[in-house]
Amino acid sequence: MNLTEFIEGRRDSNLEELREFLRIPSVSAKSEHKPDIERAAQWVAEKLKTAGFKTVQVVPTALHPLVYAESLEAPGKPTILFYGHYDVQPAEPLDLWTSPAFDPTVRNGNIYGRGTADDKGQVHIHIKALESLQKVNGKFPINIKVLIEGEEEVGSVSLWDYVQKNKEKLKADALVVSDTSMLAKGVPSITYGLRGLNYYQIELTGPAHDLHSGVYGGAVPNPLTILTETFAQLHDKNFRVAIPGFYDNVAKVSAAERKALNALPWKMKEFDKAVGAPAYVGEKGFTTVERLWIRPTFELNGIWGGYQGEGAKTVIPSKAYAKFSTRLVPNQDPHKIAKAVEKQIRKLLPRTVKMKFEVLSTGKPWAAPFTAPIFTKAQAALEKGFGKKAVFIREGGSIPFVTQMSDTFNVPCVLIGFGLPDENAHAPDEHLYLENYFSGIKAIAHFYAALGDS
Ligand code: BES
Ligand code: MN
Ligand code: MN
């Protein structure tokens, strides 16, 4: 039986196994899910053994375990490091899910559940592709190292430590990742750029404690008002980030690259369908695709303070809080940006409040040439799986490990995404288009097979 027939014959059993994976609520952000995280790591380790890996380790870390497997039994063949994550985002708000987040359900050609697209479904594609190669040929066509972590959605802190201590062990000719998206349905895509991410939190304190707004209002500072006034000044009328130095090191993207990105089959109509806003905004002088992929941003992610319950409460809050982030592009330096952000906010704040400023995480941007021969092989494999030629795209999301690997080993990083931009990653009703899951297994199996042909 050939590889394609073998994979076709296993559609149902592969999907059934994926559903088992998706039922484990491996939410990395919440300590109550620690046992589920452990269970998911063990589950991944088991499946890698079944796929044919003899060396499989569940490695404990300061936070969540990572799973490492290797098979180095193909002398003279290239060595690939495959990376993915088994942890998922919290499923809340639960009442907005059509079917329960951890009870995966198939509806109109999609599988719904937390982690379907990000990233369990995509990790499973690789496990099943490798298992198929092993079962059809009795061995893997290449040397392969697998690293599946459990902290991606909370910043990959332990992973960084592991990479530093295991540089020799993780060495490979290329990194392969499936944790991104396709440009659109029917358009297989290879991602060659990601934005970096800095995440911040502040606490503003005005009055020493909450106050009656009638008794004191008019003569005391209100930290919530001050917070909103301050953040209102962080964009200018052209929607540029109004922080001195913010754009200083932004690499100029060549006219040729901008032209190529703008010529991709990306549709504003699809974008509008996925977003559903009354109208759109963004930095003047750039197209939507450019605003998403090659320009940095400043975004408020949450503000709170004061009274939010039922009815009215006449109060001047003592404190106001905000969570916010900056997406970064080459060659912005995350640490310099964090300093510039803090400096500007401190400068704008009046003396009437005190601020506690925290940088919760930093992450570098990544963009790299796609000229190595492995990219041609990836493109050919995607064509085998999807019947369409793959395009090269950049994306706005962030994957800390890709930058770390790219910096540490300076090897090609091949990001082959099987998600779609409107599959609600991190949101209610996250789903994965099943045809992409099935075609993905075929494409990845052919990709690894082709790497063994060299
Ligand atoms: N898989 C995503 C990143 C992604 C999504 C890249 C879509 C390209 C396209 C990843 O799981 C993620 O959500 N990353 C976080 C950063 C992390 C440090 C929490 C992000 O981008 O917000
Ligand atoms: Mn992901
Ligand atoms: Mn994610």
Side-chain angles (χ1 to χ4, degrees), residues 21-22 26-30 40 63-64 66 82-91 101 113-126 147-160 175-184 187 189-201 266 271 274-275 289 292-294 296-302 323-329 334 359-367 392-404 406 413-428 430-432 436:
F21 192 14
L22 294 166
S26 47
V27 180
S28 49
K30 295 182 147 188
L63 189 57
H64 300 319
L66 52 88
F82 167 66
Y83 162 83
H85 62 95
Y86 68 78
D87 66 317
V88 298
Q89 287 270 326
R114 175 58 84 231
T116 46
D118 186 11
D119 180 33
K120 285 170 160 176
Q122 302 205 54
V123 164
H124 199 245
I125 285 174
H126 285 257
L147 185 56
I148 315 288
E149 69 154 318
E151 290 181 24
E152 199 278 340
E153 299 293 7
V154 290
S156 302
V157 178
S158 305
L159 181 67
W160 180 229
L175 171 69
V176 172
V177 179
S178 290
D179 190 25
T180 49
S181 302
M182 291 165 51
L183 183 72
V187 189
S189 312
I190 299 169
T191 300
Y192 70 91
L194 295 167
R195 289 193 288 193
L197 175 71
N198 280 1
Y199 207 98
Y200 317 86
Q201 179 165 332
W266 182 95
F271 178 77
V275 180
V289 159
L292 295 170
W293 297 349
I294 67 169
T297 64
F298 179 101
E299 296 284 359
L300 256 174
N301 301 108
K323 285 182 187 281
F324 54 100
S325 53
T326 47
R327 292 278 167 181
L328 309 176
V329 300
V359 180
L360 301 188
S361 64
T362 60
K364 283 169 76 175
W366 169 78
F392 288 91
I393 65 173
R394 287 171 71 154
E395 285 189 273
S398 311
I399 308 174
F401 184 67
V402 172
T403 323
Q404 292 168 9
S406 187
C413 301
V414 189
L415 275 57
I416 307 176
F418 298 108
L420 291 171
D422 64 352
E423 287 182 331
N424 297 346
H426 295 200
E430 177 182 349
H431 57 281
L432 178 67
N436 287 351

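Both counts, for ligands and for their atoms, begin at 1 and track the order of listing. On a predicted model such as this, the values are computed, not experimentally measured, just so you know.
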| Is the Mn ion (ligand 3) less than 2.8 Å from an N/O/S atom of D179, whether that atom is in the backbone or a side chain? | no

| message | Quick check on the Mn ion (ligand 3): does E152 put an N/O/S atom closer than 2.8 Å to it? | response | no

In Å, rounded to the nearest 0.5 Å, how long is the span from [atom1] of [X] to [atom2] of [Y]?
{"X": "I125", "Y": "D119", "atom1": "CD1", "atom2": "CG", "value": "9.0 Å"}
{"X": "M182", "Y": "F418", "atom1": "CE", "atom2": "CZ", "value": "8.0 Å"}
{"X": "L415", "Y": "D179", "atom1": "CG", "atom2": "CG", "value": "8.0 Å"}
{"X": "R327", "Y": "W293", "atom1": "CZ", "atom2": "CH2", "value": "15.0 Å"}
{"X": "L159", "Y": "E151", "atom1": "CG", "atom2": "CD", "value": "8.0 Å"}
{"X": "D118", "Y": "D87", "atom1": "CG", "atom2": "CG", "value": "8.5 Å"}

| message | Below 4.0 Å, non-hydrogen atoms only: which portion of E153 touches ligand 1? Side chain, backbone, both or neither. | response | both

Where is the nearest protein heavy atom to [atom]: which residue, which atom, and how far?
{"atom": "atom 15 (C) of ligand 1", "answer": "S398 O, 3.6 Å"}
{"atom": "atom 18 (C) of ligand 1", "answer": "P400 CG, 3.8 Å"}
{"atom": "atom 11 (O) of ligand 1", "answer": "E152 OE1, 2.7 Å"}
{"atom": "atom 9 (C) of ligand 1", "answer": "E395 OE2, 3.1 Å"}
{"atom": "atom 22 (O) of ligand 1", "answer": "R327 NH2, 2.7 Å"}

If the contact criterion is a heavy-atom separation under 4.0 Å, does [X] count as touching ligand 1?
{"X": "H85", "result": "yes"}
{"X": "D179", "result": "yes"}
{"X": "M182", "result": "no"}
{"X": "R195", "result": "no"}

| message | I want to check something: taking the side chain as every heavy atom from C-beta on, are Y192 and R394 in contact at a cut-off of under 4.5 Å? | response | yes

| query | Would a 4.5 Å heavy-atom cut-off, applied to side chains only, mark I393 and W266 as touching? | reply | no

If you check every N/O/S atom of [X], which is the one nearest the Mn ion (ligand 3)?
{"X": "E153", "answer": "OE2"}
{"X": "D118", "answer": "OD2"}
{"X": "H426", "answer": "NE2"}

Check: [X] N/O within less than 3.5 Å of ligand 1 N/O:
{"X": "S181", "value": "no"}
{"X": "H426", "value": "yes"}
{"X": "T180", "value": "no"}

| task | Fit a plane to each ring of H126 and F82, take the angle between them on a 0 to 90° scale, and name the class: parallel (under 30°), tilted (30 to 60°) or perpendicular (over 60°). | result | parallel

| query | Closest approach of G397 and L194, non-hydrogen atoms and distance? | reply | O-CB, 3.5 Å

| Distance-only side-chain donor-acceptor flag, K120 / S26, under 3.5 Å | yes

| message | For E149 and S156, which I'm curious about, is there any donor-acceptor pair between the side chains at under 3.5 Å? | response | yes

| In terms of atom number and element, which parts of ligand 1 are under 4.0 angstrom from non-hydrogen atoms of D118? | 1 (N), 2 (C), 11 (O), 13 (O)

